[in-house]
Amino acid sequence: MTLEVFSNRIQNLMKLMTSTLENLAGTLVGRESGDYSTALLDRDGATIAFGSMVGFHLGHMTSVVPWIYENLGRENVRPGDMYLSNDPYSGGAVHSNDVGVFAPIFVDDELVGWTGCDMHCMDVGGALPGSFVPNALDVVAEACRFTPVRIYSGGEYRPDVVRAFLTNTRLPERVGQDISAEVGANHYGLKIVEETVREFGTERYLQLVEDVKAFSEARTRQRIKEELVDGVYEYVDYEEHDFVSHTIYPIRVRLTVSGSELFFDFSGTAKQAPSLINCARSGLKGAVMAALLMQLVPDIPFNAGVMRPVHVFSEGGTINDCSPPAPVSLATAMAAWRTIDSVSGILTRAVDASPSEFLRERATACWGGTWPVYVLSTPSDQYGQYSVFLNMDGSGEGSGALRGIDGARGSSVLLAGRVPSVEAHELTEPNLYISRRIWQDSAGAGKWRGGWSFQEAITPWGEKTADQSGTFAIARNAIPTPGAFGGYPGSGIFYGVLEGVDIEGHVGRGHLPSWDDLGVDTDLEILEAKEVWEGRRQLRKGKDVLVLSFAAGGGFGDPLERDPERVRTDVEEGIVSVEAASSLYGVDLVQGDEGKFEFNPGRVEERRSALRAERLAGAE
C-alpha cells in the first residue's frame, strides 16, 4: 500500500510540475502545444517518474546528470544549484532548441535526487531564425549550444550565464520567460519532494525509489516473458531529402525477443546525413522509450526499471546515432521521429503475435509521422516587434488505426500535444488564419481507417507587420505514412504558396475567402520539401497565402473489409469522398432527396469482388 501511495504521489507531482510550467511559459510551445517535459530522477540521474509530453525527451533527460558528474564532479553539486543545458552531444537535448533546466534535491544536506524540465524554445541562435538550418553542414552553424552549466549556484542566481545564453537568441524576452517557467516548475518539484522525504524519512524515501524501479522492472520482464513470443522481428522505415540531395535513408531495426529481454539492433541503418535530419544517441534512446511506453508498457509506471530488460545496439555514425559535429537541428521531426515510427512498426509485429489480447489491441498502423516544420520571421510583427513564428500545429496529424479502432487526431511524439487555437496564434503571431479544414481522403484506407489530417492557409497580417521570410523542412513528403496488415498509407505532407491573392479586398467585403476563392486546386505553387527563403523571396502581407497539408495516419486491415455503414458515415462527415468510397472501399453511394447517402448492400459485394479481381489481375 505504501508503494502504491508513493508511486501515485510522484506521478501527481509530475502533473503539478507540468501544469506549473505550462502556466508560466512565455510562448505557445508551452502554453498551448505541449512541446515540453518534466522528470523526477534518482541520485544517479535515472528516471523515477516523468511528466513527459514529448516521448523522446526521455532519452536525453536521463543523460544530463551523468554528464554533470563526469565533467563537473559529483562532489561539486550543491544545494541550490540549477543547471541549464541544450547540447545534443552531451546528452542534454535531442536538438539545440530543447532547452533543459535541472536541479539537485537536497534534504538536510543529503542528495536524494533531481528534478528536470525541458522545453522547445522558439529560437536559440544560429544562422537562421528559429534555429532550423537546412544548409548547415555541422552543428556549430545551427545554434548556440550550452553543455550543462549552473544558472543558480548554491541558491544564488547567475545573471551573467543566463545573459550569455539569451544574447544568442533573437527572442531574448520570450525565451527568457520560458527558462523562468522551467526554473519555477523545478522549484515546485523541489518543494514537494522535500515534503515527501520529510514525511517518509530519507532512508525510507530512497528505498521506495528503488522499490518503484524494481516493481516496474519485474512487471516489464513478466510481460516480455509471458506475453511476447520469442523470435526475431524486422522492420524498416525511411527518412527522406537531406537538403543536399533527394536521398532516401533507411532506418532498419531488428527486434529479438528472448525470455524476459528485448534486444533492438539498428545495424544496417543509413549513415549520417550531411544536413539537419540526423539525431544523436539521446534521440535514438528516447525514440525506443517512447514507442515502448505507448505499445508495451502503457499500464506500468514508466521509470528506469522498465528499461533494464531492454538493450539497444547501434553501429554509430548513422542517421539516428550520429557522430559530432553532424548537424541535428531537425532531429525531433526527422530521424528521431522516424525511429519512433520504426520501433512502433516492429513492436506492432511483436504484439500482434502475442497471446495477450491486451497487447494485440496495441498493434497499430503508423501515426502521422511528423509535422510540416516551417518558421516564418519578420523584423516587425503586428506590435512592431521582431517575430519568429514556428508552426506548432503538429498534433494535427492523424493517428494510426488500431485493430477495432479508427484513427483520430494525435501524435506519437507529443503524447499530450494539442493544436493551438487559431485565436491564440493570431494574438501572438503576425498571421491571419484564412482556413483550417479536414483534408478529405487523407486518412489511410483500411478495415479501420487511419486518422485524417487537416489543411490550413495563412497570410501575414497586422498593421505593423512586414513581409516574412521562411525556412521549410518537411518529411513524409515523398514516402507517406505506412498502413498495417493490408491497410493503405495515409497522405504525406505537401505545402505551397498562392501569390497575389486579394485578401484585403475579401476582408473589406466582410468575409474570408474560401478554398475555391483562393484557387488552391489550380494556382498553388508546390514547394520543395526543404527550402530557405532568406534573401530570395518573402511572403507578402495580405497578398501571398501559405497552404499546408499535414500527414495522416495509416489504415489497418484491408479496406474492402470495412463496414459499409462506417464508409457511409465517413462520407457524410466529409472525411472520405464519394469517389474514394467507391474506388478504395467498394461502396457506391447515392445521395438521396434529404441529403443522406445510401448504398445497396448487394451492390457492395459485387463491387468489392470486381476490385479484388482487378488486384489479382495486376499481381505478379
Side-chain angles (χ1 to χ4, degrees), residues 18 21-22 25-30 33-39 41 47 50-65 67 83-102 115-126 130-133 139 142-149 151 165-166 168-169 171 174-179 181-183 185-186 276-287 289-290 320 322 327-337 339-340 370-371 373 375 388 390 392 394 411 413-415 417 473:
T18 55
L21 196 154
E22 192 170 288
T27 62
L28 292 184
V29 172
S33 73
D35 194 350
Y36 62 85
S37 299
T38 60
L41 309 171
T47 311
F50 76 101
S52 179
M53 300 295 176
V54 184
F56 44 54
H57 282 176
L58 287 164
H60 70 258
M61 293 185 81
T62 59
S63 304
V64 173
V65 174
W67 191 96
Y83 297 79
L84 178 145
S85 175
N86 77 319
D87 175 44
Y89 286 110
S90 61
V94 178
H95 63 162
S96 298
N97 289 82
D98 290 337
V99 180
V101 177
F102 295 81
T115 63
C117 297
D118 187 284
M119 182 186 293
H120 180 102
C121 290
M122 285 287 196
D123 182 274
V124 287
S131 309
F132 299 113
V133 189
V139 69
E142 292 183 309
C144 160
R145 294 182 297 138
F146 274 37
T147 58
V149 60
I151 58 173
F165 185 82
L166 296 179
N168 286 281
T169 171
L171 303 171
R174 298 177 72 181
V175 171
Q177 188 173 342
D178 282 347
I179 292 173
E182 295 187 69
V183 170
N186 275 304
L276 76 172
I277 65 176
N278 304 292
C279 76
R281 177 77 178 181
S282 60
L284 171 63
K285 286 169 48 184
M289 292 180 184
N320 62 355
C322 62
V328 295
S329 59
L330 209 58
T332 49
M334 301 290 174
W337 201 319
T339 301
I340 288 182
T370 194
W371 69 60
V373 176
V375 176
V388 177
L390 168 64
M392 291 304 301
S411 168
V413 169
L414 277 79
L415 303 180

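Start at 1 with the first residue, then count along the sequence.
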Would you say [X] and [Y] make side-chain contact, with heavy atoms under 4.5 Å?
| X | Y | value |
| --- | --- | --- |
| T115 | T38 | no |
| M122 | V29 | yes |
| V388 | R174 | no |
| C322 | V328 | yes |
| T47 | M61 | no |

Aromatic rings F146 and F165: how do their planes relate, parallel, tilted or perpendicular, breaks at 30° and 60°? perpendicular
With sequence neighbours left out, what residues match Y89 under ring-ring contact (aromatic ring centres under 6.0 Å, His included)?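 Testing Y89 for ring-ring contact (aromatic ring centres under 6.0 Å, His included), a comparison that skips the adjacent residues, returns none.
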With sequence neighbours left out, what residues match H60 under ring-ring contact (aromatic ring centres under 6.0 Å, His included)?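 Checked H60 against ring-ring contact (aromatic ring centres under 6.0 Å, His included); matches are H57.
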Using distance alone, with no hydrogens and no angle criterion, decide if E182 and Y36 have a side-chain donor and acceptor under 3.5 Å apart. no
Rounded distance (nearest 0.5 Å) linking atom CD1 of I179 with atom SG of C117: 12.0 Å
Between S131 and V124, is there a donor-acceptor pair closer than 3.5 Å when you use the side chain of the first and the backbone of the second? yes
Has S282 got a side-chain atom pairing as donor or acceptor with A93's backbone, closer than 3.5 angstrom? yes
